[in-house]
Amino acid sequence: MGGEVGRVELAAADGGRLLQRGEVVEVWHATYRCLMPDDLLAHAEKLDRSDPIAGFRDRFVFPDDGVVYFDGNSLGRLPVATRDRLRAVVDREWGADLVRGWSRWIELARQVGDVLATGVLDVDPGEVVLADSTSVNLYKLAAAALDARADRRAIVVEADNFPTDLYVLQGLAAARGLELRVVPVDLDRGFTVADLDGVLDDDVALLCASHVGYRSGARADMRAITARAHDAGALTLWDLSHAAGSVPTPLRASGADLAVGCTYKYLNAGPGAPAFLYVRSDLQASLRQPIWGWFGQADQFAMGPTYAPVDSIERFAVGTPSVLGAYAALEGARITAEAGMAAIAAKGAALTDYAITLTDAWLAGYGFSVATPRDADLRGAHVTLHHPQAWQITQAALAAGVVPDFRTPDRLRVGLAPLYTRFADVYEGFVRLRDIMRTGHHQNHPAERTRVT
Ligand SMILES: *Cc1c(COP(=O)(O)O)cnc(C)c1O
């Protein structure tokens with residue numbers, strides 16, 4: 001039942017008729033309710049009115065450009081507190097304190113780690129630190145895990161993990177002569193514990209997976225997968241880039257060993273802000289990361305001649321952190337912690353549900369289908385839509401002031417960052433997408449892709 005909601009024509013032997021608002025009909029054993037476009041808008045307005053974290057939208061910078069932003073899963077919006085903090089830091093701390101600022105800055109990476117630990121990731125202070133990029137952290141923790149299981153010769157990774165994760169592990173496997181077992185997964189359903197059947201054995205040192213898949217938004221069962229890996233004696237390394245700040249991360253409940261993630265997506269710390277890493281406290285003393293830098297050194301300013309890693313999460317740091325990026329990550333983590341992950345996750349589920357409803361109602365008739373799992377417990381806060389012309393539709397959307405993004409091979413991602421996205425924004429963005437399909441404006445955009453998608 002594609003086409004436009006509210007004008008569903010019931011073709012029947014008696015010649016068909018227009019349905020009434022709210023009327024429920026049965027067609028081929030399925031029941032349908034006839035919704036009018038304003039029902040869907042009224043629904044959005046009702047959800048916005050009862051949204052307990054609606055007020056957080058005012059904590060972000062919104063230029064007066066009418067843009068509907070569906071890409072907070074790629075680069076989060078700028079928080080007002082971050083803009084003000086960075087201005088103050090540039091003027092007073094960098095501009096005036098100069099090198100004396102280090103007495104404060106030296107604590108920052110750990111301080112942000114603690115806010116992330118307690119307010120976002122639900123683990124203990126001292127288990128998370130801000131450092132480097134997600135790619136580099138993945139390298140450091142994977143190498144540390146491989147060293148800790150040096151008698152084992154295999155790494156397991158899901159095939160649809162983020163490309164940087166695959167590349168980093170390919171590099172480690174090549175350098176160390178290890179076997180990389182790439183587990184095929186369904187691109188839309190994502191990584192499931194059943195995908196591990198026959199894959200794990202006592203040669204596997206490490207399993208690496210994303211909690212929320214970047215392409216489909218599918219959420220992996222961290223508990224079940226970690227349990228299976230642990231049964232085989234392997235360590236687990238989770239990439240939380242699309243999960244941190246969008247869904248609860250059951251690191252503690254699952255007993256996961258290691259994790260990494262971005263701060264510039266749902267944590268709103270800005271382009272290129274430093275990443276975080278997590279190492280379960282009881283593992284820290286036994287793990288050594290491969291880059292022996294002075295920010296991981298015990299008694300760093302003794303400037304001793306030989307590396308001896310500090311007895312804390314900071315042993316996984318390397319060199320001088322980005323102070324501006326760390327302040328931005330601090331503010332982003334604080335806002336997220338203040339809103340609370342339970343409220344954020346509940347809103348993310350409702351926003352994505354609503355986007356799926358609009359897709360079914362308005363876009364299915366134009367060749368769209370929902371790639372993301374329909375069960376909210378099985379997804380993060382973005383919805384991925386299939387369409388053979390997804391690239392051109394993405395370009396037409398940008399021209400119409402809607403910012404989703406494109407992912408290969410034929411998918412449009414709609415990221416719905418819960419802290420600042422209203423249900424009415426979802427409605428407006430989908431109205432524009434529907435209008436593109438109705439007018440065929442996407443046909444005016446070339447099929448060739450640009451460098452950044
Ligand atoms: C965005 C993302 C990254 C990015 O890594 P960088 O080192 O920050 O470029 C890594 N992994 C996943 C799953 C991501 O979504």
Side-chain angles (χ1 to χ4, degrees), residues 70-76 109 112 116 120-121 128-143 155 157-172 182-183 185 187 190-191 206-220 222 225 236-247 249 251 256 258-278 289 291 316-319 321-322 325-326 328-329 332-333 348 372 379-384 404-408 411 413-417 451-453:
F70 285 160
D71 220 354
N73 56 324
S74 201
L75 181 67
V112 181
L116 288 170
V120 180
L121 303 174
V128 177
V129 72
L130 196 75
D132 305 309
S133 65
T134 301
S135 305
V136 171
N137 288 335
L138 193 93
Y139 175 81
K140 294 186 300 188
L141 295 191
I155 306 171
V157 64
E158 42 142 339
D160 202 34
N161 205 340
F162 193 76
T164 207
D165 301 48
L166 293 170
Y167 306 155
V168 164
L169 297 176
Q170 286 163 11
L172 276 165
V182 182
V183 182
V185 301
L187 286 195
F191 185 35
L206 175 69
L207 178 147
C208 176
S210 283
H211 187 212
V212 173
Y214 80 100
R215 194 194 317 267
S216 72
R219 187 178 348 165
M222 188 186 286
I225 292 167
T236 53
L237 169 49
W238 289 91
D239 190 328
L240 306 178
S241 293
H242 280 277
S246 74
V247 294
T249 47
L251 292 168
L258 310 162
V260 296
C262 302
T263 62
Y264 52 76
K265 293 174 178 167
Y266 292 102
L267 296 172
N268 307 305
F276 64 85
L277 62 83
Y278 160 80
Q289 55 119 334
I291 310 175
F316 301 98
V318 178
S322 157
T372 305
R379 62 173 188 258
H382 74 264
V383 170
T384 300
D405 63 18
F406 169 83
R407 283 296 172 265
T408 55
R411 285 153 165 88
R413 284 194 317 185
V414 176
L416 303 172
R451 178 165 173 213
V452 177
T453 65

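Whatever order the structure lists them in is the order used to number ligands and atoms, beginning at 1. Positions are given from 1, in the same order as the sequence printed here. Please read all numbers here as calculations on a predicted model, not as lab measurements.
- Looking at His211 and Ser246, their side chains never come closer than 4.5 Å, going by heavy atoms from C-beta outward.
- Under 4.0 Å from any atom of ligand 1, one finds heavy atoms of residues Ser133, Thr134, Ser135, Phe162, Thr164, Asp165, Ser210, Asp239, Ser241, His242, Cys262, Tyr264, Lys265.
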inquiry  = side chain to side chain contact (heavy atoms under 4.5 Å, CB included) for Leu277 and Leu141? Distances and angles first, verdict last.
reply    = CA-CA 8 Å; Leu277 62 83; Leu141 295 191; 4.0 Å; yes
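- With sequence neighbours left out, the salt bridge (charged side-chain N to carboxylate O under 4.0 Å, His left out) criterion links Asp71 to no other residue.
- In this structure the side chain of Ser135 never reaches within 4.5 angstrom of the side chain of Tyr167, judged on heavy atoms.
- Using a 3.5 Å distance cut-off with no hydrogens or angles, the side chains of Arg215 and Thr408 do pair a donor with an acceptor.
- For the side-chain hydrogen bond (donor to acceptor under 3.5 Å, both in side chains) with Ser210, the qualifying choice from Asp239, Asn161, Asp160, Asp165 is Asn161, the only one to do so.
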